[in-house]
Amino acid sequence: MFGIIGGTGVYDVDLLERVQLIEMSTPYGDVQITAGEYQSKPVAFLPRHGKGHSTPPHLINYRANIWALREFGVTAILSTAAVGSIKREYAPGTLVVVDDFIDFTKSRPLTFHEGQDGVVHVDMTEPYCPRLRRALTETAASQQISL
């Protein structure tokens, strides 16, 4: 099942049919997921900044969000983000399929593994799913959408 995490500008999913709100309890807090169908396929949606775009980026409970999506049965996540770029060739409105990142997050927990599971190393060689990235780039090319 696909999960969609909507960022700034993507607050709801009008394209979904048979919509229902699901409350999920996680070890990190409660999360509300909007579940529905798109072209007869199940989809789970949650807005990154919470209902009404009320949670600032540094307070997003990302562990609860990811935990809830996983428990709900999501196996692949598409996430939107509206951010700027330091590259002038990427003008506002440019679509980018991300392949790497630098995390400057400093004021929140950085892991699901805080010692209770022993020593856990997370492989970040490919932080984004290569299968989804390939599907997005191939679909964009077939639709003549510039990435």
Side-chain angles (χ1 to χ4, degrees), residues 1-105 108-113 117 120-147:
M1 173 189 327
F2 275 102
I4 300 171
I5 298 176
T8 299
V10 181
Y11 309 117
D12 57 48
V13 281
D14 294 333
L15 297 174
L16 294 184
E17 297 175 342
R18 295 183 236 334
V19 172
Q20 56 182 326
L21 296 178
I22 308 290
E23 288 287 334
M24 300 288 294
S25 293
T26 80
Y28 303 101
D30 295 338
V31 174
Q32 188 176 71
I33 292 175
T34 301
E37 293 180 1
Y38 178 72
Q39 295 185 356
S40 301
K41 292 186 170 67
V43 175
F45 173 83
L46 64 86
R48 175 181 294 114
H49 295 284
K51 188 172 179 136
H53 196 75
S54 58
T55 306
H58 68 287
L59 295 178
I60 293 169
N61 192 346
Y62 76 94
R63 294 191 301 177
N65 289 347
I66 298 300
W67 189 286
L69 289 171
R70 180 174 166 257
E71 286 294 309
F72 192 68
V74 168
T75 57
I77 297 173
L78 299 170
S79 183
T80 66
V83 298
S85 174
I86 60 173
K87 294 188 173 187
R88 292 188 187 274
E89 63 266 27
Y90 298 150
T94 301
L95 296 176
V96 178
V97 178
V98 182
D99 63 355
D100 207 350
F101 69 97
I102 299 172
D103 187 359
F104 288 113
T105 305
R108 65 179 181 199
L110 301 175
T111 182
F112 286 94
H113 306 284
D117 302 325
V120 177
H121 297 282
V122 178
D123 181 4
M124 295 299 286
T125 305
E126 291 184 291
Y128 297 99
C129 176
R131 181 179 53 85
L132 282 177
R133 292 184 69 256
R134 187 171 35 259
L136 288 169
T137 56
E138 289 173 0
T139 300
S142 74
Q143 300 294 312
Q144 299 179 346
I145 297 170
S146 178
L147 294 177

Enquirer: On a heavy-atom basis, which atom in Asp100 and which in Pro127 lie closest, and how many Å separate them?
Expert: OD1-CG, 3.8 Å
Enquirer: Looking at side-chain heavy atoms only, is the closest gap between Ile66 and Ile77 below 4.5 Å?
Expert: yes
Enquirer: Quick one: does Ser146's side chain get under 4.5 Å of Leu95's, heavy atoms only?
Expert: no
Enquirer: Could you tell me whether the side chain of Trp67 reaches within less than 4.5 Å of the side chain of Met24, counting heavy atoms only?
Expert: no
Enquirer: Does some side-chain heavy atom of Leu16 sit less than 4.5 Å from a side-chain heavy atom of Val43?
Expert: yes
Enquirer: Can you find a heavy atom in the side chain of Leu69 that is under 4.5 Å from one in the side chain of Ile33?
Expert: yes
Enquirer: I'd like to check Leu46 versus Thr34 (side-chain heavy atoms, cut-off strictly below 4.5 Å). Are they in contact?
Expert: no
Enquirer: Can you list the residues that meet the ring-ring contact (aromatic ring centres under 6.0 Å, His included) rule with Tyr38, with sequence neighbours excluded?
Expert: none
Enquirer: So, Asn61 side chain and Tyr28 main chain: donor-acceptor pair closer than 3.5 Å or not?
Expert: yes
Enquirer: Measure the spacing between CZ of Arg70 and CG of Asn65 and express it to the nearest 0.5 Å.
Expert: 14.5 Å
Enquirer: Within the structure provided, determine whether His49 and Ile60 are in side-chain contact (heavy-atom separation under 4.5 Å).
Expert: yes
Enquirer: Gly3 and Val74: which non-hydrogen atoms are nearest, and at how many Å?
Expert: N-CG1, 3.5 Å
Enquirer: Report the residues that fulfil salt bridge (charged side-chain N to carboxylate O under 4.0 Å, His left out) with Arg48, sequence neighbours left out, ordered by chain and then residue number.
Expert: none
Enquirer: For Gly7, is there any backbone N or O sitting under 3.5 Å from a side-chain donor or acceptor partner on Thr80?
Expert: yes
Enquirer: Distance check, rounded to the nearest 0.5 Å: Leu15 atom CG versus Phe45 atom CZ?
Expert: 10.5 Å
Enquirer: Among all residues two or more places apart in sequence or in another chain, which pass the side-chain contact (heavy atoms from CB on, under 4.5 Å) test with Phe2?
Expert: Ala76, Leu78, Leu132
Enquirer: Partners of Lys41 by side-chain contact (heavy atoms from CB on, under 4.5 Å), sequence neighbours excluded?
Expert: none
Enquirer: Which heavy atom in Ala64 sits nearest to a heavy atom in Gly29, and how many Å separate them?
Expert: CB-O, 4.0 Å
Enquirer: Quick test of your reading: applying side chain to side chain donor-acceptor pair (under 3.5 Å), list the pairs with at least one residue in residues 125-144, sequence neighbours left out, ordered by first then second residue.
Expert: Asp123-Thr125
Enquirer: Taking only residues two or more places apart in sequence, or in another chain, which ones meet Glu37 in a salt bridge (charged side-chain N to carboxylate O under 4.0 Å, His left out)?
Expert: Arg18
Enquirer: Work out which heavy atom in Leu147 is nearest to a heavy atom in Ala140; give both atom names and the distance.
Expert: CD1-CB, 3.4 Å
